[in-house]
Structures are given as C-alpha cells and as structure tokens.
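First up is the structure itself, then whatever we jot down about it.
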Amino acid sequence: MANCAWSEKVLRLLRRMNNFHSPGSCLPSCLRFEIDGAQVGWIPPHVAPLLTRYPEVFCPPRGGAVCLSPGLDSYGRRSEAVDGVLQNLRQEGTLSCLRGWRDERYSVMPTFSDAPLMWMERAATGLFGVTRYGVHVNGYTMGGCGEVSMWLGRRSLSKQTYPGLLDNVAAGGLAAGVGVKHTAVKECQEEACIPASVAEEARPAGTVSYTYEDDEGVYAETQFVFDLELPPEFRPSVGDGEVQDFLLLPIHEVKELLVTDDFKPNCAMVVLDFLIRHSFIQPDTEPCYQHFMAGLHHTL
C-alpha cells in the first residue's frame with residue numbers, strides 16, 4: 001500500500017495548483033475575456049475596473065464578458081493596443097505582476113491549435129487569465145540493471161520566481177511564433193548545455209495542465225512534456241545562469257522530494273506525471289491514482 005502521508009501531500013499540491021476551480025475562488029466574479037467572439041481567458045475582478053479607463057481598446061463589460069474594440073480587427077492592431085495599455089499600467093506601478101516585465105511575447109488564442117489572435121507580454125497574462133504554454137524536459141539515465149535516476153536543476157537564487165528551488169533539467173515558456181520541439185531543444189542547450197544532437201532525441205510525452213489563482217491574477221498553464229534519456233556518462237552543466245547546479249538522484253529520492261517545499265510546484269507535477277507514465281506509481285497500489293491523473297490534466 002502506498003504511503004498515505006505522501007499521497008495526501010501530492011493531493012494538496014494538485015489542489016493548490018488547481019485552486020481556481022475550488023470553492024471560494026474568484027471564478028464566479030471573473031469576466032470572460034473574448035476576442036472576435038471567442039473566449040481566450042478570465043479577467044479577475046480587481047482588473048476589470050482598470051480596463052474601463054481605456055474604452056478605445058476594451059468595450060464595457062456586457063453579458064459577463066469584456067471584448068476588445070471592434071476596430072481592433074487584426075493580430076497586429078490588437079497586440080499593439082493592449083500592449084499600450086499594459087505599458088501604461090506598468091508605469092503606474094500598482095499591479096505587482098507587471099514589475100516582473102520580461103519583454104517576452106506569448107500567443108493568445110482559444111486553444112493551442114487555433115491561430116493566434118494577438119500576443120501579450122508574459123508578465124501580464126495573469127491579468128487576463130489567458131493560457132500560457134511552456135515546455136518541460138525530464139532528463140533521466142538508465143543504470144546497467146535498469147535502475148532510473150533523474151537529473152534535476154537547482155534554480156538560480158537570482159530568478160524572479162521560485163529562486164533556489166528544484167526544477168526539471170530544462171524548461172521554458174513557449175514564445176509567440178516558436179515551435180514546441182524547437183523550444184525544448186533550445187532550453188536544453190541554453191540551461192543545461194545539452195548538445196542539440198542529444199536534445200533532439202527528447203520524446204514528446206503529453207501535457208500537464210492546471211489553473212491557479214493568487215493575489216496577482218489567474219494562471220492557466222499547459223506544459224508540453226518531453227522525456228530525454230541521457231547517456232550515463234553525460235553531466236549537464238550550467239549554461240545561461242538560470243540554474244545554479246544540477247543533481248543526479250535515484251528516482252525514489254526524487255519521488256520523496258517532489259512533495260517538499262524544495263520543489264517548484266509545477267515542476268513537481270511534471271515529475272509526478274513521469275512517475276505515473278513510467279509505472280513507478282501504479283493504480284493497484286496507489287489509492288489516489290485517479291485523483292492524481294485528474295489533477296495533472298485539468299484544463300481551463
């Protein structure tokens with residue numbers, strides 16, 4: 001029988017990362033964010049009043065939704081107009097999330113397969129609850145007797161978010177106009193100095209999706225997950241400075257660590273997904289198995 005205390009900690013992690021769907025969240029008070037008749041996000045109640053100051057960009061709330069002005073009828077016009085509003089709000093300094101401005105453009109669309117309707121600064125996405133996409137790579141090795149160990153990165157202490165916590169071997173946001181596999185290979189090269197010839201062997205292994213809220217906004221995220229078996233003799237090394245060092249740990253130690261405060265929460269979810277897919281967690285021995293699966297794939 002699985003360790004009940006460990007399972008309960010996993011459930012707490014999954015509830016935390018999906019708290020937008022929990023009773024008492026701001027969901028009932030949010031307004032739909034719609035572009036050209038399609039919903040692309042949720043606007044939290046503390047953000048909606050700010051948008052009414054820009055009637056040339058945002059129409060007044062109607063029917064539970066906020067839409068862009070009809071005159072903003074192209075990808076470029078929408079992107080530039082909304083970015084202008086965000087730049088003004090950034091200068092005012094009242095929205096703490098905009099203090100982490102990154103100059104990174106994220107695509108905004110109803111679903112990933114749809115054509116982007118506009119781009120938005122990464123730091124502002126939580127103000128509109130638009131889905132953010134990223135890529136996470138599980139780097140692992142196989143021993144001579146089949147034992148599995150996993151490479152984890154320790155985030156730099158200078159990172160804007162979750163400094164010093166454990167992370168996957170490589171991960172990064174999916175910038176507007178950039179492909180998923182290209183991003184996986186690029187992040188492997190930049191963060192862990194994994195050569196492209198090795199990183200190209202990473203296998204797509206599905207997605208992990210969740211939506212959480214905090215005081216800053218609503219964060220709907222989908223991470224494209226890759227598994228990369230690294231040669232036993234290979235050792236990742238620090239590249240762009242986003243990681244301070246790398247650790248190679250037996251998979252049973254990784255399993256225990258993922259429920260601690262030492263792990264970046266969404267990276268812990270990616271590792272949990274790896275453990276399930278590689279049969280380190282099985283339905284006959286884990287009573288919360290179905291709850292784990294639901295919590296890892298809870299889309300907005």
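Hydrogens, waters and symmetry mates are skipped; everything else that's a heavy atom, side chains included, is used.
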Using a 4.5 Å cut-off on heavy atoms from C-beta on, say whether the side chain of Tyr106 contacts that of Thr131. no
How many angstroms lie between OH in Tyr219 and CZ in Arg132, if you round to the nearest 0.5 Å? 6.0 Å
Can you measure from OG (Ser7) to CZ (Arg12) and round to the nearest 0.5 angstrom? 11.0 Å
Are side-chain heavy atoms of Pro44 and Leu127 found at a separation under 4.5 Å? no
Counterpart residues, side-chain contact (heavy atoms from CB on, under 4.5 Å), relative to Gln282 (two or more places apart): Ser279, Thr285
Applying side chain to side chain contact (heavy atoms under 4.5 Å, CB included), run through Trp6 and Lys255 and close with a yes or a no. CA-CA 9 Å; Trp6 183 88; Lys255 180 180 177 182; 3.4 Å; yes
Got a list of side-chain donor-acceptor pairs under 3.5 Å for residues 26-38, not counting sequence neighbours?
| unit_1 | atom_1 | unit_2 | atom_2 | d |
| --- | --- | --- | --- | --- |
| Arg32 | NE | Glu34 | OE2 | 2.9 |
| Arg32 | NH1 | Gly63 | O | 3.4 |
| Arg32 | NH2 | Glu34 | OE2 | 3.4 |
| Arg32 | NH2 | Gly63 | O | 3.0 |

Which heavy atom of Ile194 sits nearest a heavy atom of Ala199, and at what distance? CG2-N, 3.9 Å
For the residue pair Phe226 and Val135, establish whether any side-chain heavy-atom pair is separated by less than 4.5 Å. yes
For Arg105, the salt bridge (Lys or Arg N to Asp or Glu O under 4.0 Å) test, sequence neighbours excluded, returns none
If you group Ile, Leu, Val, Met, Phe, Trp and Tyr by side-chain heavy-atom gaps below 4.5 Å, do Ile251 and Phe292 land in one group? yes
Partners passing side-chain contact (heavy atoms from CB on, under 4.5 Å) against Ala196 (at least two apart in sequence or in another chain): Val185, Gln189
Is it the case that one hydrophobic cluster holds both Val66 and Val218, taking links as side-chain heavy atoms less than 4.5 Å apart, direct or via other members? no
Taking every non-hydrogen atom, the tightest pair across Val169 and Gly139: CG1-N, 3.5 Å
Minimum heavy-atom separation for Val259 to Glu256, with atom names? CG2-O, 3.2 Å
Would you say Val10 and Cys288 make side-chain contact, with heavy atoms under 4.5 Å? no
Quick one, Leu95 and His46 - any side-chain contact, counting heavy atoms below 4.5 Å? yes
Mind checking whether Leu230 and Val225 sit in one hydrophobic cluster, side chains of I, L, V, M, F, W, Y counted as touching below 4.5 Å? no
Would the number of heavy atoms belonging to other residues, nucleotides or ligands and lying under 6.0 Å from CG of Asp73 be above 12? yes
With sequence neighbours left out, what residues match Ser107 under side-chain contact (heavy atoms from CB on, under 4.5 Å)? Met109, Pro116, Ala176
With a 6.0 Å cut-off on the ring centroids, do Tyr140 and His278 count as close? yes
OG1/Thr207 to CD/Gln223 distance, rounded to the nearest 0.5 angstrom? 9.5 Å
With sequence neighbours left out, write down each residue that passes side-chain contact (heavy atoms from CB on, under 4.5 Å) with Ala171, or none if nothing qualifies. His136, Asp167
Within this structure, what is the OG-CD distance for the pair Ser149 and Glu147, rounded to the nearest 0.5 Å? 6.5 Å
ILVMFWY cluster, Met150 and Val198 together (side-chain gap under 4.5 Å): no
Atom pairs and distances, donor-acceptor, side-chain atoms in residues 47-58, under 3.5 Å, two or more places apart:
| unit_1 | atom_1 | unit_2 | atom_2 | d |
| --- | --- | --- | --- | --- |
| Thr52 | OG1 | Pro49 | O | 2.6 |
| Arg53 | NH2 | Glu92 | OE1 | 3.4 |
| Arg53 | NH2 | Glu92 | OE2 | 2.4 |

Kindly say whether Val85 contributes a backbone atom to a donor-acceptor pair with the side chain of Asn88 at under 3.5 angstrom? no
Would you say the side-chain atoms of Thr211 and Glu221 include a donor-acceptor pair closer than 3.5 Å? no
For atom CZ of Arg62, decide whether the heavy atoms of other residues, nucleotides or ligands shown that lie under 6.0 angstrom number more than 12. no
Kindly write out the residues that satisfy salt bridge (Lys or Arg N to Asp or Glu O under 4.0 Å) with Glu121, not counting sequence neighbours, or none if the list is empty. none
Quick one: are Arg203 and Leu228 in side-chain contact, heavy atoms under 4.5 Å? no
What are the two closest heavy atoms between Leu166 and Cys267, and how far apart are they? O-CB, 4.3 Å
Rounding to 0.5 Å, atoms CD (Glu191) and CG (Asn168) come to a distance of 9.5 Å
Is there a side chain to side chain contact (heavy atoms under 4.5 Å, CB included) between Thr141 and Val148 once you walk through the steps? CA-CA 6 Å; Thr141 63; Val148 177; over 6 Å; no
Under the side chain to side chain contact (heavy atoms under 4.5 Å, CB included) rule, what do Leu117 and Arg78 come out as? Steps first, then yes or no, please. CA-CA 8 Å; Leu117 298 173; Arg78 296 173 190 131; 4.0 Å; yes
Considering only residues two or more places apart or on different chains, which pairs with a residue in residues 152-187 satisfy ring-ring contact (aromatic ring centres under 6.0 Å, His included)? none
When rounded to the nearest 0.5 Å, the distance separating CG of Leu296 from NE2 of His291 is 13.0 Å
So do Phe112 and Val180 actually touch side chain to side chain, heavy atoms under 4.5 Å? yes
Where do Leu174 and Gly179 come nearest, in terms of heavy atoms and distance? CD1-O, 3.6 Å
Give the C-alpha distance, both sets of side-chain angles, the deciding distance and a yes or no for ring pair (Phe, Tyr, Trp, His ring centres under 6.0 Å) between Tyr212 and Phe20. CA-CA 5 Å; Tyr212 66 93; Phe20 186 61; 9.8 Å; no
Is the count of non-hydrogen atoms from other residues, nucleotides or ligands lying under 6.0 Å from Gln160 atom CD greater than 12? yes
For residues 260-274, the side-chain hydrogen bond (donor to acceptor under 3.5 Å, both in side chains) pairs (sequence neighbours left out) are Arg154-Asp262, Tyr210-Asn266, Lys264-Asn266, Asp273-Arg277
What verdict does the side chain to side chain contact (heavy atoms under 4.5 Å, CB included) test give for Asp83 and Trp119, after you've listed the backbone C-alpha separation in whole Å, the side-chain angles of each residue and the deciding distance to 0.1 Å? CA-CA 9 Å; Asp83 193 59; Trp119 59 259; 3.6 Å; yes
Check Gly164 against Leu157 and note the closest heavy-atom contact, atom names and distance. CA-CD2, 3.8 Å
Got a list of side-chain donor-acceptor pairs under 3.5 Å for residues 237-245, not counting sequence neighbours?
| unit_1 | atom_1 | unit_2 | atom_2 | d |
| --- | --- | --- | --- | --- |
| Asp240 | OD1 | Glu242 | N | 3.1 |
| Glu242 | OE1 | Lys159 | NZ | 2.9 |
| Gln244 | NE2 | Arg155 | O | 2.9 |

Quick one: which residue pairs count as a side-chain hydrogen bond (donor to acceptor under 3.5 Å, both in side chains) with a foot in residues 15-28, not counting sequence neighbours? Glu8-Arg15
Donor-acceptor check, side chain of Ser69 to backbone of Leu72, threshold 3.5 angstrom: yes or no? no
Would a single hydrophobic cluster contain both Val270 and Phe224, if residues Ile, Leu, Val, Met, Phe, Trp and Tyr are joined by side-chain heavy-atom contacts under 4.5 Å? no
So, do Met120 and Val82 sit near enough that their side-chain heavy atoms are less than 4.5 Å apart? yes
